[in-house]
Enquirer: 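Okay, here's the structure, questions in a sec.
Only this structure's heavy atoms are used, side chains among them; waters, hydrogens and symmetry mates stay out.
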Amino acid sequence: MIISVIWFTDRTYQILALLSPSNNNGSYWSFTFTPHLNYKGIVKAQAVDEDYELKQVKDMAAARKRWDALIREGKVKVLTPKEAGYAIQLSGKTLLDVRPSIEHEKAWVKRSTWIPIFDVDTQLDAGTLSRKVTNYMMGGWWSGVPTLSFDNEFISKVTEKFPNDADLIVSCQKGLRSLAACELLYNAGFRNLFWVQGGLEAAEEEDLEREGPQPFKLAGIGGLSGFLGWTDQQRAQAAKEGWAYRLVFTARLIGVVLAADALFLGAQQVARYLHDIRAH
């Protein structure tokens, strides 16, 4: 079994599990687990969960070792974002963007091919809705990271567009998901694979030809933290842009505070009104 962390908030981990072909016909699945708090009465259940989660951590560590081996043995070659830009311009190599739509729509490399390894889960069944609610409550509202699901047709979509001997530069936002994609592609017979170390978030604007409304570094942020400018990427951007950039987010923060005050005062007025109705 191949297990890899896709993203995490403070208490919720999105896991991509790739079941080995020998055991499960190459099927794929994803799930979210949430570490439980120590409440009385669930100690036994929690112990089981902790053992299960410990196994997942070990499986994830094993996945990272496999990925490191791919690079160490030269099966996947490493490029910096700048080197990737040179390779695209000078040798005509293709950049395969495996990010989800929520990141790709903000910024993408000109003439790249977009085939997400997993994307925003749009299903509305009970299980998916439960995961979405859990994801939102456990940090999705702050980070803006949605519930994602693995695309079982990822390999078939790539093979439809590219032969096995194609030179593919594989990239995601931070570099983790693209490594998982490189492993799948190598196992599917692709032998000329290049991995963008650090992902597009590590790219400077001059490294790659960008299309889209936002810089590469900001394509992976969202939620309330992104709206208020409270991310490392935005702080770095503010240092470059100066006071005008900071002013936008300061105004947003003031707006959020005023809106919260208005809601609080409104709730007080409604409570008083209901109290008066009961009194009469």
Side-chain angles (χ1 to χ4, degrees), residues 4-9 12 14 16 30 78-89 93-122 132 135-136 139-151 154 157-158 168-182 194-241 244-246 248-249 252:
S4 61
V5 178
I6 299 308
W7 59 265
F8 65 91
T9 61
T12 302
Q14 180 74 25
L16 174 65
S30 64
V78 180
L79 296 177
T80 65
K82 184 182 289 292
E83 290 169 340
Y86 289 146
I88 293 169
Q89 292 180 14
K93 289 182 173 60
T94 298
L95 187 137
L96 177 61
D97 188 341
V98 300
R99 297 175 300 161
S101 56
I102 193 171
E103 296 173 358
H104 177 265
E105 64 190 13
K106 298 175 183 176
W108 60 92
V109 177
K110 189 176 182 179
R111 294 185 297 276
S112 63
T113 298
W114 177 56
I115 303 177
I117 188 172
F118 63 95
D119 208 348
V120 178
D121 197 332
T122 58
K132 288 183 177 182
N135 167 47
Y136 183 82
W141 62 274
W142 177 254
S143 67
V145 178
T147 303
L148 304 170
S149 62
F150 182 80
D151 185 355
F154 172 71
K157 289 178 180 178
V158 176
L168 294 180
I169 301 173
V170 187
S171 181
C172 61
Q173 187 64 24
K174 295 178 180 291
L176 180 61
R177 292 166 291 182
S178 50
L179 263 180
C182 283
F194 302 82
W195 170 62
V196 180
Q197 188 173 30
L200 295 180
E201 189 170 296
E204 300 298 333
E205 284 299 298
E206 64 271 16
D207 292 344
L208 297 156
E209 289 189 76
R210 176 179 60 85
E211 294 184 327
Q214 296 190 22
F216 289 124
K217 292 182 180 296
L218 304 184
I221 64 174
L224 184 59
S225 62
F227 179 78
L228 296 176
W230 288 357
T231 65
D232 292 338
Q233 299 91 328
Q234 288 168 304
R235 283 192 285 270
Q237 190 74 12
K240 296 179 181 179
E241 299 289 340
Y245 186 87
R246 294 187 180 94
V248 172
F249 295 103
R252 289 182 180 180

Enquirer: Would you call P116 and E103 a side-chain contact if the rule is heavy atoms closer than 4.5 Å?
Expert: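 When only atoms from C-beta onward are counted, E103 and P116 do not touch, as no gap falls below 4.5 Å.
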
Enquirer: Run the side-chain hydrogen bond (donor to acceptor under 3.5 Å, both in side chains) test against E201 and tell me which residues pass, sequence neighbours left out.
Expert: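 Result, side-chain hydrogen bond (donor to acceptor under 3.5 Å, both in side chains) vs E201: K174, Q233.
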
Enquirer: Going by side-chain hydrogen bond (donor to acceptor under 3.5 Å, both in side chains), name the residues that satisfy it together with K106, two or more places apart in sequence or in a different chain.
Expert: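 Not a single residue meets the side-chain hydrogen bond (donor to acceptor under 3.5 Å, both in side chains) criterion with K106.
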
Enquirer: Applying salt bridge (charged side-chain N to carboxylate O under 4.0 Å, His left out) as the test, list every pair that has at least one member in residues 224-239; sequence neighbours left out.
Expert: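 Qualifying pairs: D232-R235.
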
Enquirer: Under the rule for side-chain hydrogen bond (donor to acceptor under 3.5 Å, both in side chains), what residues qualify as partners of S101, not counting sequence neighbours?
Expert: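 Testing S101 for side-chain hydrogen bond (donor to acceptor under 3.5 Å, both in side chains), a comparison that skips the adjacent residues, returns D119.
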
Enquirer: When rounded to the nearest 0.5 angstrom, what distance separates CD in E105 from CZ in R99?
Expert: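 Output value for this atom pair is 10.0 Å.
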
Enquirer: If you compare all heavy atoms of A181 against all heavy atoms of V170, which two are closest, and at what distance to 0.1 Å?
Expert: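 Minimum heavy-atom contact is CB-CG1, 4.0 Å.
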
Enquirer: Only counting residues at least two apart or in another chain, list the ones meeting side-chain hydrogen bond (donor to acceptor under 3.5 Å, both in side chains) with S178.
Expert: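 side-chain hydrogen bond (donor to acceptor under 3.5 Å, both in side chains) list for S178, sorted by chain: W195.
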
Enquirer: Are any non-hydrogen side-chain atoms of D97 and V109 less than 4.5 angstrom apart?
Expert: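 The answer is no; the side chains never approach within 4.5 Å.
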
Enquirer: Take atom NZ in K110; do more than 12 heavy atoms of anything else shown fall under 6.0 Å from it?
Expert: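 Count not over threshold, so no.
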
Enquirer: Minimum heavy-atom separation for R177 and I117, please, with both atom names.
Expert: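 For R177 versus I117, the nearest heavy atoms are O-CD1, 4.1 Å.
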
Enquirer: Does some side-chain heavy atom of Y86 sit less than 4.5 Å from a side-chain heavy atom of L79?
Expert: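 No; the side chains remain at least 4.5 Å from each other.
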
Enquirer: Just how far is it from atom CG of L96 to atom CZ of F154, taken to the nearest 0.5 Å?
Expert: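 Interatomic distance, L96 CG to F154 CZ, rounded to 0.5 Å: 5.5 Å.
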
Enquirer: What distance separates L179 CG from Q197 CD, expressed to the nearest 0.5 Å?
Expert: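 Interatomic distance, L179 CG to Q197 CD, rounded to 0.5 Å: 9.0 Å.
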
Enquirer: In a table with atom names and distances, give each donor-acceptor pair under 3.5 Å that connects a side chain of residues 207-216 to protein atoms at least two apart or in another chain.
Expert:
{"from": "D207", "atom 1": "OD1", "to": "K82", "atom 2": "NZ", "distance (Å)": "3.2"}
{"from": "D207", "atom 1": "OD2", "to": "E204", "atom 2": "N", "distance (Å)": "2.9"}
{"from": "E209", "atom 1": "OE2", "to": "R111", "atom 2": "NH2", "distance (Å)": "3.0"}
{"from": "R210", "atom 1": "NE", "to": "E205", "atom 2": "OE1", "distance (Å)": "2.6"}
{"from": "R210", "atom 1": "NH1", "to": "G212", "atom 2": "O", "distance (Å)": "2.7"}
{"from": "R210", "atom 1": "NH1", "to": "Q214", "atom 2": "O", "distance (Å)": "2.9"}
{"from": "R210", "atom 1": "NH2", "to": "E205", "atom 2": "OE1", "distance (Å)": "3.3"}
{"from": "E211", "atom 1": "OE1", "to": "W108", "atom 2": "NE1", "distance (Å)": "2.9"}

Enquirer: Atom CD1 in I102, atom CG in L148: separation rounded to 0.5 Å?
Expert: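 Between atom CD1 of I102 and atom CG of L148 there are 8.0 Å.
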
